[in-house]
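Some notes on the structure that comes next.
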Protein chains: 2
Amino acid sequence: MDTVNIEGRAYHHGDLKPSLLEVALQVLDTEGLEAVSIRRLARELGVAHSAPANHFATRKDLLTGMAEVCFDELSLGSAACPDDVGCPRDESALKALYRATLNYGLRYPNRYRMMFRWGDLNAEDTGLQTRIEILYRRLMQCMASTGGDTPLFSNETRAIALWSMLHGYMVMRIEGTIQGGFHDEINGMPREEALFALLTHLTSEPTGFAG
Amino acid sequence: MDTVNIEGRAYHHGDLKPSLLEVALQVLDTEGLEAVSIRRLARELGVAHSAPANHFATRKDLLTGMAEVCFDELSLGSAACPDDVGCPRDESALKALYRATLNYGLRYPNRYRMMFRWGDLNAEDTGLQTRIEILYRRLMQCMASTGGDTPLFSNETRAIALWSMLHGYMVMRIEGTIQGGFHDEINGMPREEALFALLTHLTSEPTGFAG
DNA sequence: CTTCTATATTGACAGTGTCCATATTTACCC
DNA sequence: GGGTAAATATGGACACTGTCAATATAGAAG
C-alpha cells in the first residue's frame, strides 16, 4: 500500500465512521457524556481534529448516531432476552421488554441517559424516530395481548402509563434522584419484582370485578 | 457613594449571588441549558468573568443552586395549588401534587429537565437532598391516606411507582421522545386526565375484591 | 485606624465546536 | 488503462468555554 506517509500513518483512516461510534460509546461508558468530544475521539483514533466532520457534521449528529446504535442494541435485547441475564425464554413479551430495558439501563447507565435526552439529539432524525416506534409498537402488541376484552383503560393509556413508569424508574435510579427513599427490598420482594408485579396488575386489570 | 470607578461601574456588585441565579434561570428558560455559562452570566451582569467563582466555585455548583430554587418553587406550588391554573382547592393532596408537577414541568420544561439530571448536579449537596425528601415525604403521606387498610402493594411500592410514572411521563413529553405515539385525547379524555385516573386506580386499589 | 475577610479584577491556560482553504485518496465513467 | 468528480483527511483559525492564580478593592469587626 502506498497510502502511508513519512510518519507511517495512513492518510485515510478508511473506516472512520464506525470507529468513531465505537470509541465514542467506550468513552461514554467509562468517562461520561461530557468526555465525549469530537476532538478527543479524533485524538484517540490518531486522526485530524476535523476529520470526524465528514461523518458527523456536528456533535449533536454524533450523539444521535450513538443513540441509534444503542437503540438497536436495546431492541435486539428486548426481542430475544438471552438466558445469561437470568431471563428464561418462556416469559411473556412484556416481561422480556421490561427486563431487557432494566438490564440495559443498569449495565450502561450513561448510554441510557443519552438515549432519551432527545433535546440533546436530532429529534427530527428519522433513524431515531423509527427506532423508538419499533419499541412502542412492540409495547402496544403486549397491551393487545393482555388485559382481556374490556380493559378498564385503553391500550394506549396503559402503554403510555407502563412505559412512563418504567422509564421514570430507570431515570431516577440511574441519576440517584430518590436514592435515599429507595430500599433494595420492598415487602420482602426485590424492588424491581415488586414494581413489575404492580405493573402487571396495572396492565392486566380487566374490569375491577374479576379479582 | 464612592464605590464608583471612572467608567461609572461599581466595583462590588453587592448582590451578585441572587442576581446570578435569576439571570441563569432566565437564560435557561429562553435559550436552554447549554447557553447557561458562567462567563455569559457575568457578561450579562456587567461583571468580570471570574466574579461568579466567589459564589459558585464551579458550573456544577451553579446548576445545583438553580435546581434548589426550582425545587422550592415546585414545592411551594404543590403545597398550595393556586386557582389560576384550574386547580380547585378541595382536590386531594395527591392530585395537587400531580397537577403542580405537571404545570411546572410544562411551563418550565428546561428547568424540569435540569432539576432531575442529578448526574450533572452535586448529588451530594444536602440542600438538594432535603428538597427531594420533602417532596417524597409528601407523596408518602398521600399514600398513607389512600389505599385503605390493606392495600395490595406497600405504600413505598405505590409511591415509587406513582412518582416514576409521573416523572417518566413528564420527561418523555418534554423531550418529545414518543411524541409520535401520543394523542391529545385518549378514549375521549384529555391525556393527563386518563393517566391520573389510571394512577388513582393504581394507588387506591384496596384488595382487588372491593370493586 | 487597622486588620481581616469577602468580593471583584485581570491574565493565563487548556480545551472545545465549527468553519475554511487545501491536500489526498477513492470511485466511477469513458 | 486514464481522467474527472466525489469522498475523505489535513492544518489553521476564531470565538467560545471552565478553571486556576495573583492582585486589587470594599466592607466589617476589632
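Lettering follows sequence order; numbering is per chain, from 1.
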Scoring nucleotides 16-21 of chain C by protein non-hydrogen atoms under 4.0 Å (B base, S sugar-phosphate only, - none) yields BBBBB-
Roughly how many Å is it from [atom1] in [X] to [atom2] in [N], rounded to a whole number?
{"X": "His13(A)", "N": "dT26(C)", "atom1": "NE2", "atom2": "C1'", "answer": "16 Å"}
{"X": "Asp15(A)", "N": "dT25(C)", "atom1": "CG", "atom2": "C1'", "answer": "15 Å"}
{"X": "Leu41(B)", "N": "dC16(D)", "atom1": "CG", "atom2": "P", "answer": "15 Å"}
{"X": "Asn54(A)", "N": "dG11(D)", "atom1": "CG", "atom2": "C1'", "answer": "14 Å"}
{"X": "Leu45(B)", "N": "dT9(C)", "atom1": "CG", "atom2": "C1'", "answer": "16 Å"}
{"X": "Leu16(A)", "N": "dT10(D)", "atom1": "CG", "atom2": "C1'", "answer": "13 Å"}

Could you grab the distance from atom [atom1] of [X] to atom [atom2] of [Y], nearest 0.5 Å is fine?
{"X": "Glu175(A)", "Y": "Phe116(B)", "atom1": "CD", "atom2": "CZ", "result": "10.5 Å"}
{"X": "Leu199(A)", "Y": "Met165(B)", "atom1": "CG", "atom2": "CE", "result": "10.5 Å"}
{"X": "His49(B)", "Y": "Arg43(B)", "atom1": "NE2", "atom2": "CZ", "result": "11.0 Å"}

Is it true that Tyr98(B) and Glu192(B) share a donor-acceptor pair across their side chains at a distance under 3.5 Å? no
Of residues 26-34 of chain A, the positions that come close to DNA chain D - non-hydrogen atoms, cut-off under 4.0 Å: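 Going residue by residue through residues 26-34 of chain A, none turns out to have a heavy atom under 4.0 Å of DNA chain D.
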Tell me whether Glu22(B) at atom CD has more than 12 heavy atoms from other residues, nucleotides or ligands lying less than 6.0 Å away. no
